[in-house]
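Worksheet: one structure, shown below.
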Amino acid sequence: MEKDFFQRVYDVAEQIPFGRVTSYGAIAVFLGAARSARMVGWAMNNSSTCGRNIPAHRVVNRKGLLTGKNHFGNTDTMSQLLEAEGITIVDDQIIDFDKLFWDPAMELTR
DNA sequence: ATTGTGACGTTGC
DNA sequence: TGCAACGCCACAA
């Protein structure tokens, strides 16, 4: 089962460059399941089971909001990690999300 | 096999 | 322009 949908998500998530962020939908589209954006987030929840360190903090929803911060244990963990990447977070929202947005379907294709 | 859920996305009002 | 509801696919029980 080395090609599970979840593994696919983990692989893309690991490829997210430092200081960049992406959206669940972008990953979902890249995986070929644009309507399964929710699965991407769910995969992140299971990212712990993946056995590998997945920078889920770099993955946010389409609005650039840290929707999954609640799943990091502490709601501050995600924002703190993003700030450590040089990203500014205000009210759980990423500033300049448009510039920091990293599209796997585009970056990986180029 | 069926039901329920889920860290989203889109469309409608 | 802002908020609400629906839909969607994939996985777990």
Side-chain angles (χ1 to χ4, degrees):
Chain A
M1 297 267 275
E2 65 280 323
K3 301 196 95 159
D4 277 347
F5 197 90
F6 283 30
Q7 276 293 323
R8 216 58 182 281
V9 177
Y10 306 145
D11 186 54
V12 177
E14 283 185 314
Q15 292 174 67
I16 300 175
F18 180 89
R20 300 283 174 175
V21 289
T22 186
S23 65
Y24 304 99
I27 297 174
V29 172
F30 180 73
L31 297 178
R35 285 103 170 170
S36 308
R38 314 160 93 181
M39 303 290 81
V40 179
W42 213 356
M44 288 298 161
N45 195 340
N46 285 273
S47 63
S48 307
T49 65
C50 176
R52 293 180 187 179
N53 225 353
I54 306 297
H57 59 275
R58 293 181 189 162
V59 185
V60 296
N61 66 355
R62 208 189 144 331
K63 305 166 233 170
L65 189 76
L66 308 181
T67 51
K69 65 180 183 139
N70 299 302
H71 285 266
F72 277 80
N74 289 344
T75 54
D76 293 337
T77 305
M78 192 171 188
S79 56
Q80 289 296 314
L81 288 169
L82 288 170
E83 286 182 335
E85 305 260 323
I87 301 172
T88 305
I89 308 296
V90 176
D91 191 26
D92 298 330
Q93 184 181 311
I94 298 174
I95 304 303
D96 295 328
F97 172 70
D98 188 16
K99 301 195 233 176
L100 299 171
F101 184 71
W102 178 81
D103 189 344
M106 181 165 66
E107 297 295 327
L108 295 178
T109 303
R110 76 200 291 304

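Reminder, nothing fancy here: chain letters follow the sequence lines and each chain counts from 1. Atoms considered below: every heavy atom in the structure, side chains included; atoms not considered: hydrogens, waters and symmetry mates. Remember, predicted model here, so these are calculated numbers, not experimental data.
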Practice item. For A:Ala28, report the nucleic acid contact type (base, sugar-phosphate, nothing); a contact means any heavy atom under 4.0 Å. Key: nothing

Revision key, fill the gap. Per atom distances to the A:Arg35 side chain, the nearest of B:dA7, C:dC8, B:dC8 is C:dC8

Exercise for review: Would you mind telling me which of B:dA7, C:dC9, C:dC11 lies closest to the side-chain atoms of A:Trp42?
Suggested key: C:dC11

Check your understanding: So what does A:Arg38 touch, heavy atoms closer than 4.0 Å: a base, only the sugar-phosphate, or nothing?
Key -> base

Check your understanding: What's the CZ-C1' distance between A:Arg62 and B:dC8, to the nearest Å?
Key -> 11 Å

Check your understanding: When all nucleic acid strands are considered with a 4.0 Å heavy-atom cut-off, which category describes A:Asn61: base, sugar-phosphate, or nothing?
Key -> sugar-phosphate

Check your understanding: Heavy-atom distance under 4.5 Å between the side chains of A:Lys69 and A:Thr77, does that happen here?
Key -> no

**Study point:** Side chains of A:Gln15 and A:Asp11, donor plus acceptor under 3.5 Å
**Key:** yes

Review point. What is the distance, rounded to the nearest whole Å, between atom NZ of A:Lys63 and atom P of B:dA7?
Key: 13 Å

Exercise for review: Could you state the atom-to-atom distance from CG of A:Asn74 to C1' of B:dA7 in whole Å?
Suggested key: 16 Å

Check your understanding: Of the nucleotides B:dG9, C:dC11, B:dA7, which has the atom closest to the A:Phe6 side chain?
Key -> C:dC11

Exercise for review: Answer yes or no: are there more than 12 heavy-atom neighbours, outside A:Asn53 itself, under 6.0 Å from its atom CG?
Suggested key: no

Check your understanding: Can a side chain N or O of A:Thr67 be found less than 4.0 Å away from OP1 or OP2 on B:dC8?
Key -> yes

Exercise for review: Check whether any side-chain heavy atom of A:Val60 lies under 4.5 Å from a side-chain heavy atom of A:Phe101, and answer yes or no.
Suggested key: no

Revision key, fill the gap. Taking C:dA10, B:dA7, C:dC8 as options, the one with an atom nearest any side-chain atom of A:Tyr24 is B:dA7

Practice item. Find the distance A:Phe97:CZ to B:dC8:P and express it as a whole number of Å. Key: 12 Å

Revision key, fill the gap. Whole-Å distance, A:Asp4 CG to C:dC11 C1', equals 10 Å

Revision key, fill the gap. Exactly one of A:Ile87, A:Ile94, A:Ile16 clears side-chain contact (heavy atoms from CB on, under 4.5 Å) with A:Arg58, and that residue is A:Ile16

Study note, to complete from the structure: Of B:dA7, B:dG9, C:dC9, the nucleotide closest to the side chain of A:Phe72 is B:dA7

Point to revise | Whole angstrom value for the distance that separates P of B:dA7 from CG of A:Leu66 | key: 14 Å

Exercise for review: Counting heavy atoms from C-beta on, name the nucleotide in C:dC11, B:dA7, C:dC9 closest to the side chain of A:Met44.
Suggested key: B:dA7

Revision key, fill the gap. Ranking C:dC11, B:dC8, B:dA7 by distance to the side chain of A:Phe5, first place goes to C:dC11

Review point. A:Leu82 has an atom CG; how far is it from atom P of B:dA7, in whole Å?
Key: 18 Å

Review point. In whole angstrom, what separates A:Leu65's CG from B:dG9's C1'?
Key: 14 Å

